[in-house]
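Remarks on the structure that follows.
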Amino acid sequence: MPTSPAPADTGSRVIQPLYAEVLRRNPGETEFLQAVREVLESLGPVLTQRPELVDARIVERICEPERQLIFRVPWSDDRGRVHVNRGFRVEFNSSLGPYKGGLRFHPSVNLGIVKFLGFEQVFKNALTGMPIGGGKGGSDFDPKGRSDAEVMRFCQSFMTELHRHLGEYTDVPAGDIGVGGREIGYLFGQYKRITNRYESGVLTGKGVGWGGAQARTEATGYGCVMFTAEMLRARGTDLDGRRVAVSGSGNVALYAIEKAQQLGAKVLTCSDSGGYVVDEKGIDLPLLKEVKETSRGRVADYARLRGRDATYVPHDGNGGPGPWQVPCEVALPCATQNELDEGAAAVLVRNGVQAVVEGANMPTTPEAVRLFQDADVAFGPGKAANAGGVATSALEMQQNASRDSWTFAHTEDRLAEIMRHIHDSCHDTAERYGAPFNYVIGANIAGFELVANAMLAQGLI
Ligand code: NDP
Ligand code: 2IT
């Protein structure tokens, strides 16, 4: 079943000047410009059919965040030395609900990266069908090698500034790279001290014993594999017995591996920024979780403990294909942006990959996406495929608002329902706009229309 290319871009006369203006206003913000470009390239047919959106300058407004916060985060390490980091929160769009999106702590974080993540989040959150707007935040703080006490002091300093901008009806952060249950706990504790409010719905990804939702930890990885299963079902096949390659070994990767294994797949790889592991017998997930979640270790430690069954390959530093050189039928990039480039995509295609589905945000470069589409490989973009995490965050907010807590099984059922809904709306939208099986077009148009319609209805916002 071939993936259709974008229909002849009748809207390109409209799109090109729009993109030129975004480029002019946001110089040097490479990742943000990449994310905007990819969405705009899909929108030609909608803008041609709906001139009222052009007249109302919806695209110009959607590309401009409602509010951008940048602040100083001073903290002291265990030896009493002072450090200064930079904090960000980009409140991108609140037409569908309070700003919602994660916080990333990683040394690479800058405004352009937070804006790309916030922009993607707007459409992703719309696709869930839940009442959440889009935002993203974080810091260039590097949690690697820091003690719990140092991470706590950093989180307390970060929240001391950020708290004034948050609220369950205003802005609700969660985790992302470098921010998991530990960090959310410290951030929540500081928010509560400063405001004197046990406002459960101000952060998601909380511990299950104190307001967190069952299955939130698992939700992004599980959701990504559920989405993959839906894509394969639409092509008349499934995951059972498939060889799967996964990158990353953090929250998303671990639970993508878990769900893929539950559905009968054999997962052969995982990775981190140091290197990757090939495990021909299939990843031993309890061991990997022990290394990553309990000991905060590296995939090299996993390979050492696994013994002869696993091979560890350090990254060569020359941009080689890494885990993608392992022959597989399904590839799930779950680490970070632009980790899967054209060279890696060519290797995957040559080895017969049938589906590539993004657990991470924008892990596949535009050239690699094109290569997959040209080769009729089913491609699931992150804003649809990894929306299970934020959707379950919205379920957490719902439980917090009603002072209720649901079972794991019930929450997982809701997640499966949501992923099916996202799949079907991307699939059907792509078909409606003359690009059957092109999930990039489907996700971009479906998400855009939901946000654009709300903005139109709400006046000049
Ligand atoms: P984690 O911090 O738990 O794990 C990140 C993983 O990616 C680690 O294995 C890390 O390796 C690797 N990684 C990070 N940066 C790089 C890099 N520059 N080069 C190579 N490897 C890297 O984060 P998550 O699992 O939560 O997030 C992974 C991706 O999924 C991100 O793109 C995130 O935006 C996205 N996402 C996350 C959601 C969530 O709910 N957590 C929801 C939707 C999307 P190392 O330890 O060596 O840095
Ligand atoms: O990219 C994402 O969707 C996330 N990091 C999760 C956001 C959230 O609010 O749960």
Side-chain angles (χ1 to χ4, degrees), residues 218-272 275-293 297-313 320-335 339-340 344-345 347-360 363-364 372 375-380 385-386 388 412 416 419:
E218 292 81 358
T220 310
Y222 274 25
C224 172
V225 174
M226 289 167 176
F227 192 90
T228 308
E230 292 293 331
M231 288 175 70
L232 292 177
R233 198 161 62 86
R235 291 182 167 227
T237 177
D238 61 28
L239 269 163
D240 194 24
R242 301 278 176 188
R243 290 170 59 92
V244 176
V246 171
S247 64
S249 51
N251 172 264
V252 179
L254 286 179
Y255 293 96
I257 295 172
E258 185 159 289
K259 181 52 75 182
Q261 291 181 340
Q262 284 173 10
L263 296 183
K266 186 173 186 185
V267 183
L268 303 157
T269 66
C270 63
S271 69
D272 57 29
Y276 66 97
V277 165
V278 186
D279 194 329
E280 274 295 336
K281 286 208 170 136
I283 296 286
D284 175 346
L285 191 59
L287 177 63
L288 183 60
K289 281 187 178 175
E290 168 67 28
V291 168
K292 293 297 303 181
E293 293 186 323
R298 316 288 299 155
V299 296
D301 301 320
Y302 167 87
R304 192 170 31 77
L305 292 164
R306 182 82 162 128
R308 265 192 318 200
D309 290 332
T311 314
Y312 175 70
V313 186
W324 313 122
Q325 63 204 337
V326 177
C328 64
E329 294 152 291
V330 175
L332 305 176
C334 295
E339 55 162 308
L340 199 173
V347 175
L348 281 165
V349 169
R350 205 177 317 126
N351 287 334
V353 75
Q354 291 167 21
V356 178
V357 185
E358 296 184 324
T364 318
F372 289 137
D376 295 338
V377 173
F379 178 75
N386 72 37
E412 193 184 352
M419 296 315 298

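These numbers come from the heavy atoms of this one structure, side chains and all, not from hydrogens, waters or symmetry mates.
Remark: side-chain polar atoms of T269 are paired, donor with acceptor, to backbone N or O of V246 under 3.5 angstrom. Counting only distance, with no hydrogens or angles, the side chain of E358 and the backbone of T364 share a donor-acceptor pair below 3.5 Å. Not one N or O on the side chain of R298 forms a donor-acceptor pair closer than 3.5 Å with the backbone of D272. Listed for the R235 side chain is no donor-acceptor partner under 3.5 Å among the backbone atoms of M231. Panel note: side chain T220, backbone G388; no donor-acceptor pair is recorded below 3.5 Å. Between the side chain of E339 and the main chain of A335, a donor-acceptor pair closer than 3.5 Å is present. When atom types are taken as modelled, the side chain of N386 and the backbone of A360 share a donor-acceptor pair closer than 3.5 angstrom. S249 contributes a side-chain N or O that, together with a main-chain N or O of S271, makes up a donor-acceptor pair within less than 3.5 Å.
Taking 4.0 Å as the cut-off between side-chain N and carboxylate O, E218 and K259 do not count as a salt-bridged pair. Salt bridge status for D301 with R304: present, with a side-chain N to carboxylate O gap under 4.0 Å. In summary, D279 and R306 engage in a salt bridge, as defined by a charged side-chain N under 4.0 Å from a carboxylate O.
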Item to complete: For salt bridge (charged side-chain N to carboxylate O under 4.0 Å, His left out), just list the numbers for R243 and E280, CA-CA rounded to whole Å, side-chain angles, deciding distance to a tenth of an Å, and then say yes or no.
Response: CA-CA 10 Å; R243 290 170 59 92; E280 274 295 336; 3.5 Å; yes
Item to complete: Apply side-chain contact (heavy atoms from CB on, under 4.5 Å) to the pair L254 and K292, showing each step before the final yes or no.
Response: CA-CA 9 Å; L254 286 179; K292 293 297 303 181; 4.3 Å; yes
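In the model, Y302 has no side-chain atom that pairs as donor or acceptor with a side-chain atom of D284 under 3.5 Å. E258 and Y222 form a side-chain donor-acceptor contact under 3.5 Å, judged by distance and modelled atom types alone.
M226 CE to L263 CG: the interatomic distance, rounded to the nearest 0.5 Å, is 8.0 Å.
Smallest separation of non-hydrogen atoms from I257 and C270: CD1-CB, 4.2 Å.
In this structure, I283 and Q261 have side chains that are in contact, with non-hydrogen atoms separated by less than 4.5 Å.
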